[in-house]
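Each chain gets a letter, A, B and so on, in the order the sequences are listed, and its residues count up from 1.
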Amino acid sequence: MSIRPDVHFGYNLIHQGIATLSRIESNGIRVDRRYLMKAISSTEKEIAVIKSRMRDTPVWDLWTKRYGVKANIDSDDQLGHILFDSKEKMGLGYKSTERTASGRYKADVAALEGIDLPFIKDLIRVGKLDKALSTNFKGILRELDGDNFVHPVFNLHIARTFRSSSDNPNFQNIPVRDEDIAKLVRSCYIARDGHVLVENDFKGIEVGVSACYNRDPALIAYVKDASLDMHRDIAMELFFLSKKQMSKAIRHVAKNKFVFPQFYGSWYIACAKQIWEEIEKRDLKLTDGTPLKKHLYLNGIKGLGACDASIKPEPGTFERHVQEVERSFWDVRFKVYKQWKNKWWEEYQRRGFFDTYTGFRISGPMDRNQVINYPVQGSAFHCLLWSLVQIQKELDDRGMRTVLVGQIHDSIIADVAIDEIDDYLAIVKDVTEVRLRKHYKWINVPLSVECEICPIGGTWFNKREVVIKDDSFNWKSKDDKHNWSGSARGLINFWQKLEKEAA
DNA sequence: TACTTCGGCGCC
DNA sequence: AAAGGGCGCCGAAGTA
């Protein structure tokens, strides 16, 4: 792994990127210390309540009988033995299909899903709270300075792909998907006085950058044409659906359990299993209310199938169907992409390295998936990093009070002075959507950023998506209930007015 | 007590 | 041909 000495792009990017990231680290992000302390004690209490309820069950009786004083409710290893050992061995005899690399019972959420015990429901919930408490709350508290700021570190020297990483505390893995936990943790983060937090995300940057490498016309069309929707189209194939029958949740499953895994090198057996799990967990239904499982049954899918690599998939199983969808995905729909993957891999095997469009040579032993994914992951991040550098330059040149406070691979978080918000958003748009493409000539697809703003006095959890309403840079809330539009500053003032009226 | 490995899980 | 890419951080359990 090295920066090519004859390519200045890579060196300059890292040089300036480090300078900008250290500015961001020095700026830090403000924390509501009072909220944090209260959240820690209330979360500790909630954990204690749940754990004592768990200790008042037959499962725990058995557990203590077996492990005596060594019984530990936080031990996954003990849990595995209690749940999955046979009754003769003093277990509950639940079926366990998977083992870990070292031969233990798998005891992650997926392995526990089929077990319908209140004890297990509590265990999963308390696990999330434990994670938030130990990693997020205590991590923030440990790093909190006297002015109530944390200063997450952003590294450029760790990831093999030349992506960044973050630590102490890690700013790039803060809960967002689980609404309860996201609220708990993100409420810690607030803006400086007279400021609001603003987050801008590149929309589908990895797919866009991937299209730049593989130049697949079908993929490029999906990226370029806003009226097309790749995830919806794949969901239609996966689940035998018309556009009208499609729900957001079903599209979401196709996107995150098939399309992205396929791009990252997964295959039909893993995809089929995961999609099947997700249908059950989310109780997915068509728009007319028909359960998705029933709909699949009516389309000839009688079950998941064996999902065993040594057994040919049976016709009439979901596994077999996903195999078919996979085949058409790579052999028909994205065949140029597939050819690129083969060529890229073959060239790496011959030369022992590959070069990214952003000026880096990556060499050394890698497997096929790594060789195919690294250039995309790295280059996508470099689009973000270059943008970050330019935005910081603009802020400096204009003497603005707005500060950058974080970066999450494809998104930028700023603590924006309220009177500067429209200028800031204009800078972000110009850098990311116009100037970036001039700098990196290899970008042959449009790139766009999405925008979320936290209301005045709100927390990071309260961010709301806003969109440009027209050509004249007027903004409005995306989930528009009020039909207000105008400057971004006017919009957040409008939110504040609504809030005051409600109070 | 200090350290390592493992499994698990948070994010993109 | 192989079979999900990249990180950081936690607690449990084992070892020195």
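- Rounded to a whole Å, the CD1 atom of A/Ile140 is 14 Å from the C1' atom of C/dC9.
- Across residues 315-329 of chain A, not one residue has a non-hydrogen atom less than 4.0 Å from an atom of DNA chain C.
- Within the structure, every side-chain polar atom (N or O) of A/Tyr264 is placed at least 4.0 Å from both OP1 and OP2 of C/dG6.
- Atom CD in A/Glu143 sits roughly 13 Å away from atom C1' in C/dG8 (whole-Å rounding).
- You'll find a donor-acceptor pair under 3.5 Å spanning the side chain of A/Gln274 and the base of C/dG4, going by distance alone.
- The side chain of A/Ser266 lies closest to C/dG4, out of C/dG6, C/dG8, C/dG4.
- Between A/Arg104 and A/Asp76 there is no salt bridge, since no side-chain N of the basic residue sits under 4.0 Å from a carboxylate O of the acidic one.
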Show, in sequence, the C-alpha distance, side-chain angles and deciding distance for A/Tyr105 and A/Asp85, and conclude whether the side-chain hydrogen bond (donor to acceptor under 3.5 Å, both in side chains) test is met. CA-CA 9 Å; A/Tyr105 292 115; A/Asp85 274 350; 2.7 Å; yes

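- Each of C/dC10, C/dG6, C/dG4 was ranked by its minimum atom distance to the side chain of A/Arg142; first place goes to C/dC10.
- For A/Arg361 and A/Phe353, the positive end sits near the middle of the six-membered ring, less than 6.0 Å away and at most 45° from its axis.
- Comparing A/Gln377 and A/Trp345 against DNA chain C, the residue whose closest nucleotide sits nearer the 5' end is A/Trp345.
- A gap of 25 Å separates the P atoms of C/dA3 and B/dG10, to the nearest Å.
- Protein atom OH of A/Tyr374 is 11 Å distant from nucleotide atom C1' of C/dC7, rounded to whole Å.
- When heavy atoms are screened at a 4.0 angstrom cut-off, A/Asn373 is found touching the sugar-phosphate backbone but no base atom.
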For nucleotides 13-16 of chain C, which of its nitrogen or oxygen atoms have a protein nitrogen or oxygen under 3.5 Å away, and what is each distance?
from, atom 1, to, atom 2, distance (Å)
C/dA13, OP1, A/Ser75, OG, 2.6

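- Among the heavy atoms of the strands, none lies under 4.0 Å from A/Val376.
- A salt bridge links A/Lys463 and A/Glu199; the closest N-O separation between the charged side-chain nitrogens and carboxylate oxygens is under 4.0 Å.
- Residue contacts shown for A/Ser166 are limited to sugar-phosphate atoms, with no base heavy atom under 4.0 Å away.
- For A/Gln349 and C/dA2, the CD to C1' distance is 12 Å, given to the nearest whole Å.
- By the 4.5 Å heavy-atom criterion applied to side chains, A/Leu447 and A/Thr432 are not counted as neighbours.
- Between A/Arg350 and A/Glu346 a salt bridge is recorded (basic side-chain N to carboxylate O distance below 4.0 Å).
- Between A/Asp74 atom CG and C/dC9 atom P the separation is 20 Å, expressed in whole Å.
- Atom CZ of residue A/Phe260 and atom NE2 of residue A/His231 lie 4.0 Å apart, to the nearest 0.5 angstrom.
- A ring pair (Phe, Tyr, Trp, His ring centres under 6.0 Å) with A/Tyr213 is found for exactly one of A/Tyr374, A/Tyr337, A/Trp344, namely A/Trp344.
- The closest donor-acceptor contact from the side chain of A/Tyr348 to the backbone of A/Asp367 lies at 3.5 Å or more, if one exists at all.
- Stacking between A/Trp267 and the base of C/dA3 is present: ring centres sit under 5.5 Å apart and the planes differ by under 30 degrees.
- Using a 4.0 Å heavy-atom distance criterion, A/Ala101 is classed as a sugar-phosphate-only contact.
- One atom, CZ of A/Phe260, and another, P of C/dG6, lie 17 Å apart when rounded to the nearest Å.
- Summary of the strand contacts: A/Asn168 and A/Arg163 both lie near DNA chain C, and taking for each the nucleotide with the nearest heavy atom, the more 5' one is attributed to A/Arg163.
- The residue from A/Asp74, A/Asp122, A/Asp56 that alone fulfils the side-chain hydrogen bond (donor to acceptor under 3.5 Å, both in side chains) condition with A/Lys51 is A/Asp74.
- Between the side chain of A/Asp201 and the backbone N or O of A/Lys203, no donor-acceptor pair lies under 3.5 Å.
- Across all strands shown, A/Lys138 has no heavy atoms under 4.0 Å from either base or sugar-phosphate atoms.
- Results of the side-chain hydrogen bond (donor to acceptor under 3.5 Å, both in side chains) test with A/Asn155 over A/Ser166, A/Ser164, A/Ser165 single out A/Ser165 as the only residue that passes.
- A salt bridge does not link A/Asp180 to A/Lys128: none of the charged nitrogens lies less than 4.0 Å from a carboxylate oxygen.
- When heavy atoms are screened at a 4.0 angstrom cut-off, A/Pro175 is found touching the sugar-phosphate backbone but no base atom.
- Protein atom CG of A/Asp130 is 18 Å distant from nucleotide atom P of C/dC9, rounded to whole Å.
- Here chain A contacts DNA chain B (any atom closer than 4.0 Å to a heavy atom, that is under 4.0 Å), and the contacts span B/dC6 to B/dC12 from 5' to 3'.
- Taking atom CD1 of residue A/Ile181 and atom P of nucleotide C/dC9, one finds them 19 Å apart after rounding to whole Å.
- Of the candidates C/dG5, C/dC9, C/dA1, the closest approach to any side-chain atom of A/Asp167 belongs to C/dC9.
- Counting non-hydrogen atoms under 4.0 angstrom, A/Ala107 reaches the backbone sugars and phosphates but no base.
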